[in-house]
Amino acid sequence: MDWLVLPEEFRNRYDLALVVNFGGQYAHLIARRLREQGVYTEIVSYDTVTAEHVERSGARLLVLSGGPSSVYSPNAPIMDSGVLDTGIPVLGICYGHQLIASLLGGRVERGRGEYGRTLVKLVERDPLFEGWGSEEEVWMSHADYVAEPPPGFRVLAVSENGYIAAMRHEEKPIYGVQFHPEVRHTPKGDVLLRNYAYRVAGVSRTWKAEKLVETLVSEIRRAVGGEDKVLVAVSGGVDSTVTAVLVRRAVGDRLVAVFVDHGLLREGEAEEVVEALRSLGIELVHVDARERFLSKLMGVEDCEERRRIIGEEFARIFREIVERDPEIKWLAQGTTYPDIIESGAVKGADRIKSHHNVAGLPAWLGLRVLEPIKYFYKDEVRRIAEALGVPKNIVYRHPFPGPGLAVRVMGKLTLEKLEVARRASRIVEEELARAGLYRSVWQAFAAVGDDRWVGVKGDQRSVGYVVTIRIVESEDAMTADWARVPYEVLDRISRRITSEIPQVTMVTYAVTTKPPSTIEPC
Ligand code: XMP
């Protein structure tokens with residue numbers, strides 16, 4: 001059944017959970033939390049879910065996600081209500097909770113709204129709340145509420161504002177919670193999800209990504225056979241590195257691992273990557289294409305245009321490699337689970353920036369595609385990387401966009417601005433590492449544009465660049481918050497940048513979340 005990502009023969013070893021996605025950002029978070037609890041979880045779109053699908057998938061439990069709609073709005077996402085009759089446990093969260101109420105004959109109304117930290121009181125004990133006190137803090141984000149539960153439902157918890165915070169069916173394992181157990185602001189959220197999986201749904205066959213390594217290797221070996229070569233584009237990130245290591249284990253020196261230096265990398269990155277891969281027994285084909293890329297990019301103002309140029313040039317380089325070596329028949333890519341979901345399975349996901357990845361390449365090159373890590377979230381890929389012995393500087397390296405520094409320079413691309421961004425970013429990374437904060441943030445870098453600030457150096461007035469520091473916390477890059485880095489660290493970063501990069505006269509710190517902003521400046 002290509003409705004799910006993990007092939008049936010793998011899936012049969014684990015108890016499966018399905019998160020039904022009703023839009024918004026919550027589905028991945030729920031899936032990741034369940035996986036952290038050892039439950040193999042996939043995301044499916046509400047409009048593809050039928051009772052029959054769910055039964056055939058062998059799912060042990062379902063979670064209905066939150067979403068931005070109201071169950072009464074004309075285009076509200078509604079799921080086949082037969083799913084609630086399958087006998088498979090269902091937990092509705094926020095919108096999912098309201099949807100259960102409305103599908104089964106309860107009443108949903110618009111209320112005063114509850115946002116942020118809220119207290120709830122348990123009014124009846126239930127296995128779902130094992131380990132919860134009689135009053136606990138939870139995270140709410142809703143305007144609609146369940147005014148009347150459906151027939152046969154009991155209220156398990158109420159909020160401090162008097163709204164139903166949790167309900168369950170008297171006999172069937174159907175639950176609804178108005179709050180979000182998947183967010184960290186609900187301190188006992190993990191306990192609830194664990195109770196749901198293990199106490200309510202009886203999950204017993206647990207999932208651990210790193211235990212799949214041998215299976216993945218034999219899957220690659222079986223797919224590729226005994227003759228063909230496999231091309232992997234290594235970027236220095238953990239995804240492509242893990243992909244290369246798995247392929248190497250599967251096909252030995254029939255792996256052709258290519259590292260393209262487009263001149264837009266972080267300082268020292270090329271050397272580090274070559275060295276790290278060598279320590280794993282992989283000799284990289286190191287293509288120094290700096291001149292090729294930069295000559296085409298200089299002066300280009302629009303970042304989307306830069307992305308297009310970079311994508312095209314990458315494709316040309318790979319075509320040359322494949323033409324020179326006709327034994328290359330496969331391209332292995334480091335596509336991860338969220339990439340797979342965003343590329344189609346989830347309806348209405350907007351493309352905000354045309355992210356370059358190698359997805360367009362295979363058809364162009366006439367190669368068959370391997371995506372050995374498409375089942376995993378980033379934290380799972382990192383655990384696999386550790387199990388494979390990938391050096392820590394690669395395992396925990398921050399994600400870096402394919403077009404590199406080209407999306408961190410605003411206005412016309414010039415060598416000078418590129419150099420400013422590169423050197424300033426290095427300082428940001430070094431200072432974060434020195435403060436022991438590098439691993440706790442998602443990304444950290446410096447960006448530069450055409451804004452100028454007058455400075456005084458010595459007795460001289462000088463006009464220099466404004467450099468913006470962006471340090472964000474995130475779980476998946478879909479949403480992000482600016483990191484509350486201590487002032488002293490920001491101060492050190494600012495002092496070092498202005499003294500070590502003489503063209504810079506002002507350092508600013510970006511304090512806008514995503515949304516409404518994005519992580520990269522362009
Ligand atoms: P934004 O800036 O859209 O970025 O919030 C979300 C995540 O994607 C990365 N990013 C890219 N990655 N090619 C990539 O491979 C790109 O063109 C690109 N643009 C942004 C960004 O670094 C962040 O992790």
Side-chain angles (χ1 to χ4, degrees), residues 25 28-29 232-241 243 259-266 269 273 293 297 300-315 318 333-343 346 349-361 371 373-374 377-379 381-382 396-410 413 418 421-422 425 428-429 432 438-449 468-483 510-522:
Q25 312 288 350
H28 279 301
L29 212 48
V232 180
V234 173
S235 71
V238 65
D239 300 343
S240 63
T241 302
T243 303
F259 177 68
V260 177
D261 182 351
H262 50 21
L264 303 158
L265 299 169
R266 287 169 280 195
E269 186 157 26
V273 172
F293 279 90
L297 289 166
V300 176
E301 210 167 324
D302 177 23
C303 278
E304 288 292 288
E305 175 66 6
R306 291 180 204 157
R307 283 187 171 89
R308 198 189 56 70
I309 293 171
I310 292 166
E312 239 175 57
E313 203 54 35
F314 262 120
F318 285 107
Q333 308 193 117
T335 318
T336 57
Y337 187 64
D339 304 332
I340 292 273
I341 295 299
E342 263 113 60
S343 64
V346 178
D350 278 348
R351 275 167 71 103
I352 298 178
K353 295 175 185 175
S354 65
H355 286 193
H356 160 74
N357 67 33
V358 256
L361 269 185
E371 292 174 316
I373 57 165
K374 69 179 172 193
Y377 282 102
K378 191 111 194 157
D379 42 342
V381 177
R382 287 195 165 125
Y396 293 102
R397 159 168 276 157
H398 291 163
F400 189 61
L405 299 174
V407 297
R408 294 180 178 172
V409 170
M410 295 164 279
L413 193 71
L418 210 52
R422 194 187 326 264
S425 290
V428 173
E429 290 194 356
L432 276 184
Y438 182 84
R439 274 202 206 175
S440 63
V441 304
W442 173 261
Q443 279 176 295
F445 58 85
V448 64
T468 300
I469 307 304
R470 183 91 163 127
I471 306 176
V472 295
E473 289 171 358
S474 175
E475 300 223 32
D476 52 13
M478 301 289 287
T479 61
D481 196 1
W482 57 279
V511 289
T512 304
T513 54
K514 171 184 181 176
S517 189
T518 54
I519 295 175
E520 306 288 350
C522 68

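When a residue number appears, it is its place in the shown sequence, counting from 1. Ligands are counted one by one from 1 in listed order, and the atoms in each one are counted from 1 as well.
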**Asked** Would you say ligand 1 has an N or O under 3.5 Å from any N or O of Pro403?
**Response** no
**Glu520 and Gln443, any side-chain heavy atoms less than 4.5 Å apart** = yes
**Item:** side chain to side chain donor-acceptor pair (under 3.5 Å) between Tyr337 and His28, intermediate numbers included
**Value:** CA-CA 10 Å; Tyr337 187 64; His28 279 301; over 6 Å; no
**Request:** Enumerate the atoms of ligand 1 whose separation from the nearest heavy atom of Lys514 is less than 4.0 angstrom.
**Result:** 1 (P), 3 (O), 5 (O), 6 (C)
**Asked** Between Glu304 and Arg308, is there a side-chain N and carboxylate O pair less than 4.0 Å apart?
**Response** no
**Fill in**
If we number the atoms of ligand 1 from 1 as shown, the ones under 4.0 Å from a heavy atom of Ile519 are 1 (P), 2 (O), 5 (O)
**Request:** State whether the side chain of Arg422 and the backbone N or O of Leu265 hold a donor-acceptor pair below 3.5 Å, judged by distance alone.
**Result:** yes
**Message:** Check this for me - ligand 1, Gln443, N or O atoms closer than 3.5 angstrom, yes or no?
**Reply:** yes
**Request:** Could you tell me whether a side-chain N or O of Ser517 sits under 3.5 Å from a main-chain N or O of Thr513, the two making a donor and an acceptor?
**Result:** no
**From the candidates Ser517, Pro399, Pro401, Ala406, the one that places a heavy atom nearest atom 12 (N) of ligand 1** = Pro401
**Asked** Which atoms from ligand 1 have a heavy atom of Gly402 less than 4.0 Å away?
**Response** 12 (N), 13 (N), 14 (C), 15 (O)
